[in-house]
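Everything on this sheet refers to the single structure shown next.
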2 protein chains.
Amino acid sequence: MTDNRGMRISAKADYAVRAALELASVSDDASLKAEVIAAAQGIPHKFLEGILGDLRRGGLVVSQRGGKGGYRLARPADTIAIADIIRVADGPLVSVRGVRPPELSYVGPAESLLPLWIAVRANVRKILGEVTLADVATAKLPEEVQGLAEDPEAWTNP
Amino acid sequence: MTDNRGMRISAKADYAVRAALELASVSDDASLKAEVIAAAQGIPHKFLEGILGDLRRGGLVVSQRGGKGGYRLARPADTIAIADIIRVADGPLVSVRGVRPPELSYVGPAESLLPLWIAVRANVRKILGEVTLADVATAKLPEEVQGLAEDPEAWTNP
DNA sequence: TGTTTCCCTAGTAAACCGATAGGAAAACTA
DNA sequence: TAGTTTTCCTATCGGTTTACTAGGGAAACA
């Protein structure tokens, strides 16, 4: 009995996506300071600084120091998928017991678990890999995704 | 920079499913001892005991003590979804920053993140909610799931 | 020169993960 | 009734991760 986590998206990944969305929403070659993003999204700013560092090292963001400095996206917002950001912030999208599905091996009646995890991962990848920062920032999700989110049953708890 | 987890299925959930599959694979009203399941699936047996306790409290398994005792499924294997087991062992299937998607609130350009997480969750639910223990134990996954798992690209790493 | 902003390293409290230990309580067997 | 088996319960544990905070150094610009 635990009542917490299953497949979870960490605070770090969530913050990373939100920061990137803030950058995506600003006119093209302008840049935002970490403090501004932190205030806009309610993210602890020193924590965010570390996350922006990850995004920079991951090649998703470029930075500039000094008075007129800040961060901006390294590529157009419609070429950066949500999956790209999560992977840079958090590592592999889906893992089972710490390892990526293809490395697993099951025996006996559990043999078909592997293709099942693979299918789950493929599905998550499909959604998070096709939705871009531009899609979310402009509130124009792909139809297929919009459709899933419109089903009222998708919003119910258990 | 981390190289580890993203959306993960814990060891506990993985073990729980495998134990349930072992129970599903045995002729109907027979029961298996924890030690036998542990040996068959290579799970630390004291750890497994705790997990089986969770499954019992969750109403998925019934137990019997003493000489001819052991565990068996509380319902037919084709009425127990993989999602049922993961939820009993690990809590909610999908969470963001520890909370379930409907409880989140986003502002500004992040507003459409909520429907995105909802869509991801709906998709995971769909797969893990429709695949039953019987499906996996007999290696007969629903066609749609089978299809996803057959795409060679689903098996590649990044 | 001085200010601003990013950048880097360390630390930390709390939770969680994956286990292990030891025994009490049933159920069955002889 | 005694003895065996197995589940059941509680407690503990080392290591890792999570979500932060602190403090200062290094660019860029005025």
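None of the values given here were measured: they were computed from a predicted structure. FYI, side chains are in, hydrogens and waters are out, and symmetry mates aren't considered; it's all heavy atoms of this structure. Naming: A, B, ... by sequence-line order, numbering from 1 per chain.
Distance B:Leu48 CG to D:dT6 C1': 13 Å, rounded to the nearest Å. Per the geometry, CZ belonging to B:Phe47 stands 17 Å off P belonging to D:dC8, to the nearest Å. Rounded to an integer number of Å, the gap from B:Leu52 CG to D:dC8 P is 9 Å. Rounded to whole Å, atom C1' of C:dC8 lies 16 Å from atom CD1 of A:Ile51. In this structure, A:His45 atom NE2 and D:dC20 atom P are separated by 14 Å, rounded to whole Å. Regarding A:Ile9, its CD1 atom lies at a distance of 12 Å from the P atom of D:dA19, rounded to whole Å. For the pair A:Lys68 NZ and D:dA28 C1', the interatomic distance rounds to 13 Å; values are reported in whole Å. Rounding to whole angstrom units, OH of residue B:Tyr71 and C1' of D:dT5 are separated by 13 Å.
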Can B:Lys126 and B:Glu144 be said to form a salt bridge (Lys or Arg N to Asp or Glu O under 4.0 Å), step by step?
CA-CA 11 Å; B:Lys126 192 171 161 231; B:Glu144 169 206 6; 3.0 Å; yes

Using the rule given for salt bridge (Lys or Arg N to Asp or Glu O under 4.0 Å), can you reason through B:Asp84 versus B:Arg75, listing the C-alpha separation, both sets of side-chain angles and the distance that settles it, and then say yes or no?
CA-CA 12 Å; B:Asp84 297 334; B:Arg75 314 197 300 260; 3.7 Å; yes

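No hydrogens or angles were tested; on distance alone, nothing pairs the side chain of A:Gln64 with the base of C:dC6 as donor and acceptor under 3.5 Å. A donor and an acceptor atom never sit less than 3.5 Å apart when one is taken from the side chain of B:Lys46 and the other from the base of C:dG18. Counting distance only, with no hydrogens placed and no angle test, the side-chain atoms of B:Arg65 and the base atoms of D:dT7 include a donor-acceptor pair under 3.5 Å.
There is a path of hydrophobic side-chain contacts, each under 4.5 Å, that joins A:Val99 to B:Ile43.
Between the side chain of A:Gln41 and the main chain of A:Glu22, no donor-acceptor pair closer than 3.5 Å is present. Checking side-chain atoms of B:Trp155 against main-chain N and O of B:Ala149 turns up a donor-acceptor pair under 3.5 Å.
A:Lys33 comes within 4.0 angstrom of sugar-phosphate atoms only, judged by non-hydrogen atoms across all strands, and of no base. Using a 4.0 Å heavy-atom criterion, one finds that B:Gly70 contacts the sugar-phosphate atoms exclusively. When heavy atoms are screened at a 4.0 angstrom cut-off, A:Gly67 is found touching base atoms of the nucleic acid. Residue contacts shown for B:Glu35 are absent, as no nucleic acid heavy atom lies under 4.0 Å away.
Close to C:dA15, at under 4.0 Å from its OP1 or OP2, lies no side-chain N or O of A:Arg8. OP1 or OP2 of D:dC9 has at least one side-chain nitrogen or oxygen of B:Arg56 nearer than 4.0 Å. Taking 4.0 angstrom as the limit, B:Arg97 places none of its side-chain polar atoms (N or O) nearer than this to OP1 or OP2 of D:dC20. OP1 or OP2 of C:dC7 sits under 4.0 Å from a side-chain N or O of A:Ser63.
The side chain of B:Arg57 has D:dC9 as its nearest neighbour among D:dC9, D:dC20, D:dT7. With distances taken from any side-chain atom of B:Tyr15 to the nucleotides C:dC6, D:dC8, C:dA19, the minimum falls on C:dA19.
The side-chain contact (heavy atoms from CB on, under 4.5 Å) test with A:Met7 is passed by exactly one of B:Leu93, B:Asp90, B:Ile9: B:Ile9.
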